[in-house]
Amino acid sequence: MDRGLAWPKNIRNLLRSLRMRSKYAIILVFAIALFIIEKENNIISKVSDRLTLKQSPQILLEVNGTPSNLLDMENGSLLSLRELDSAFSQYRSHLKNVTWQLGDSQTATKVQLKGPRRHVLLMATTRTGSSFVGEFFNQQRNIFYLFEPLWHVEKMVPIITGSASTVSSTIVYRDVLHQLFLCDLHIMENFITPRPEDHLTPFMFRRGSSQSLCEDPVCTPFVKKVFEKYRCRNRQCGPLNITLAGEACLQKEYVAFKTVRLRQLEFLRPLIEDPRLDMRIIQLVRDPRAVLASRMIAFSSKYKIWNKWALQDAASMDKDEVLKLKGNCESIRLSAELGLRQPAWLRGRYMLVRYEDIARSPLQKAREMYSFAGITITPQVEEWIIKNTQAPQDNSGIFSTQKNSSVQFEKWRFSVPFKLAQFVQNVCEPAMKLFGYKPATDPETLTNRFISLVEERESFQVT
Ligand SMILES: *C1O[C@H](CO)[C@@H](O)[C@H](O)[C@H]1NC(C)=O
Ligand SMILES: *[C@@H]1O[C@H](CO)[C@@H](O)[C@H](O)[C@H]1NC(C)=O
Ligand SMILES: *[C@@H]1O[C@H](CO)[C@@H](O)[C@H](O)[C@H]1NC(C)=O
Ligand SMILES: *[C@@H]1O[C@H](CO)[C@@H](O)[C@H](O)[C@H]1NC(C)=O
């Protein structure tokens, strides 16, 4: 397919789906469109597609005084994309941080934040134990914890993740996180489907994984007949009142989020340099062999090429899949190297943690993470950790956090064929070296419980 035509069509589809949404969503789409245009000016000029916008053209006027000649007031449609492009280039600088301005116009400006607060981002990738480690922060009452808030954002901007670079989605992720750390939860309303009405939604992803969204006063009385997609675990609540949740966030001393959707540490610099925030970033990594093995089970359809390959005697592995794996490992490594180099803007704000170390000494690692974050760990958190890391092995579901952690973390060694381990070792060698994961030289080593594949490390060195 011609990529030049695909983007505007996607934008149009997205606009159509957003038609009923508020002005914020529309403005956001333009920020996204701008980004694409910025990257691919030449492609846009080939396109004469028309972009029609059924919603009031007034909307655009609100973005730093966009001139009225951009709009055709008579029939309410926008001019051609080509003309839009030149209009955009005029307003490029204003739109650059438009998500930022969106949020700013809401709660963040109205409410004075209580200080000093600390803001913790647990930055991970899927199947690295991030749900489990996230619980360390979720279990503490004075922390406002959100589980994977970017899930909704990823769902809403498929055009970016699909056809444009991951850079553009990362910018949206970053700006949304920025607002969320400021307790502006309204920013989420642009991404939750169906769109919340009256700031109420029963569709906040995995609400039950955030105690902060399930306790008083955020847990409003249960409403019969409202279908609650993501329920609180231990009680029934009414649909989530996002305004109320934002207020609760401001009442807490600390804010912590976990995400598997943001990989590039360098993008977080604006958050770290925002004087209203006091950021601490904890990057969680895990042996890429274990991660792949776990993904092949948890996301078996997405990883069916790997599953098929693992079972075959002689078959060459799909090139795209290999590149993806390499891309994963490299982006994690590059972020870690940046963090470990401690540039001035990151100093004291970055911590690298290996899942394997947490699995072996959960309490000690939790204390280290809390100490790094400058938060005093409570006995409740410590009790939760003790209770949930010594559970018998057999009651652990795929996504459960309750397991005998010191046994679980290397179970993969006995379930993957040696050739898979070897393959990952080759593709991810630089990352494995940095994090201290030892290659298994032969099948016997792989399955020998007495040979550790994890180097003991007190600290990590960038070479
Ligand atoms: C981005 O937004 C901030 C805060 O509203 C503003 O101070 C800054 O000038 C804006 N930057 C650009 C490039 O528009
Ligand atoms: C809407 O405005 C555009 C630009 O001025 C014009 O070319 C087009 O014919 C108009 N469409 C209708 C349906 O009036
Ligand atoms: C949501 O919470 C806010 C803040 O407490 C409140 O003003 C508003 O009335 C609530 N909305 C609904 C629909 O209950
Ligand atoms: C968890 O695993 C460790 C290591 O094998 C073992 O010593 C311990 O007894 C196990 N704990 C439980 C509760 O099964």
Side-chain angles (χ1 to χ4, degrees), residues 17-28 55-56 59 62 99-119 137-138 140-153 155-156 175-257 276-277:
S17 74
L18 288 175
R19 194 180 299 153
M20 300 311 290
R21 297 181 161 252
S22 82
K23 58 191 178 181
Y24 300 118
I26 301 287
I27 295 168
L28 184 69
Q55 204 159 4
S56 158
I59 290 158
E62 292 182 26
T99 45
W100 172 252
Q101 292 171 9
L102 290 182
D104 231 25
S105 65
Q106 301 195 11
T107 26
T109 44
K110 275 185 253 150
V111 190
Q112 276 295 312
L113 295 175
K114 272 202 238 159
R117 295 159 66 82
R118 217 141 289 130
H119 307 79
F137 296 100
N138 187 35
Q140 182 143 329
R141 301 307 288 267
N142 60 357
I143 299 178
F144 184 85
Y145 175 79
L146 289 183
F147 175 96
E148 220 53 65
L150 297 178
W151 185 86
H152 288 287
V153 182
K155 293 279 160 228
M156 256 334 265
D175 289 352
V176 171
L177 278 182
H178 199 158
Q179 286 311 122
L180 292 177
F181 272 121
L182 292 166
C183 293
D184 174 13
L185 267 63
H186 286 133
I187 191 101
M188 290 305 293
E189 297 185 22
N190 302 300
F191 304 99
I192 295 171
T193 42
R195 189 180 173 83
E197 279 174 38
D198 246 350
H199 308 298
L200 290 183
T201 182
F203 295 102
M204 178 73 179
F205 179 62
R206 296 280 299 266
R207 175 183 182 180
S209 298
S210 300
Q211 276 200 12
S212 315
L213 301 182
C214 291
E215 64 192 15
D216 293 330
V218 184
C219 180
T220 52
F222 177 65
V223 184
K224 271 191 197 150
K225 288 190 209 154
V226 172
F227 170 69
E228 188 87 11
K229 184 148 185 214
Y230 302 103
R231 289 157 211 248
C232 288
R233 283 172 188 163
N234 302 322
R235 60 192 295 193
Q236 288 187 309
C237 303
L240 181 67
N241 180 334
I242 294 171
T243 309
L244 204 52
E247 288 170 5
C249 171
L250 289 165
Q251 295 301 319
K252 301 258 179 172
E253 281 173 75
Y254 309 107
V255 183
F257 305 143
R276 295 170 298 177
L277 299 177

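Whatever order the structure lists them in is the order used to number ligands and atoms, beginning at 1. The figures here come from the full heavy-atom set of this structure, side chains too, leaving out hydrogens, waters and symmetry mates.
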Can you pull every nitrogen or oxygen pair between ligand 3 and the protein closer than 3.5 angstrom?
from	atom 1	to	atom 2	distance (Å)
ligand 3	2 (O)	Asn241	OD1	3.2
ligand 3	2 (O)	Asn241	ND2	2.3
ligand 3	5 (O)	Glu247	OE1	3.4
ligand 3	11 (N)	Asn241	ND2	2.9

Open item on the list: Classify the ring geometry of Phe181 against His119: parallel below 30°, tilted from 30° to 60°, perpendicular beyond 60°.
Closed with: perpendicular
- [ ] Would you indicate whether Cys237 and Cys214 have their SG atoms under 2.5 Å apart?
- [x] no
Task: pair Leu180-Leu185: side-chain heavy atoms closer than 4.5 Å - done: yes
Task: CZ (Arg235) with more than 12 external heavy atoms under 6.0 Å - done: yes
TODO: On the 0 to 90° scale, with breaks at 30° and 60°, tag the Phe257-Phe144 ring pair as parallel, tilted or perpendicular.
DONE: perpendicular
Task: Non-neighbouring partners of Asn234 that pass side-chain hydrogen bond (donor to acceptor under 3.5 Å, both in side chains), sequence neighbours left out - done: none
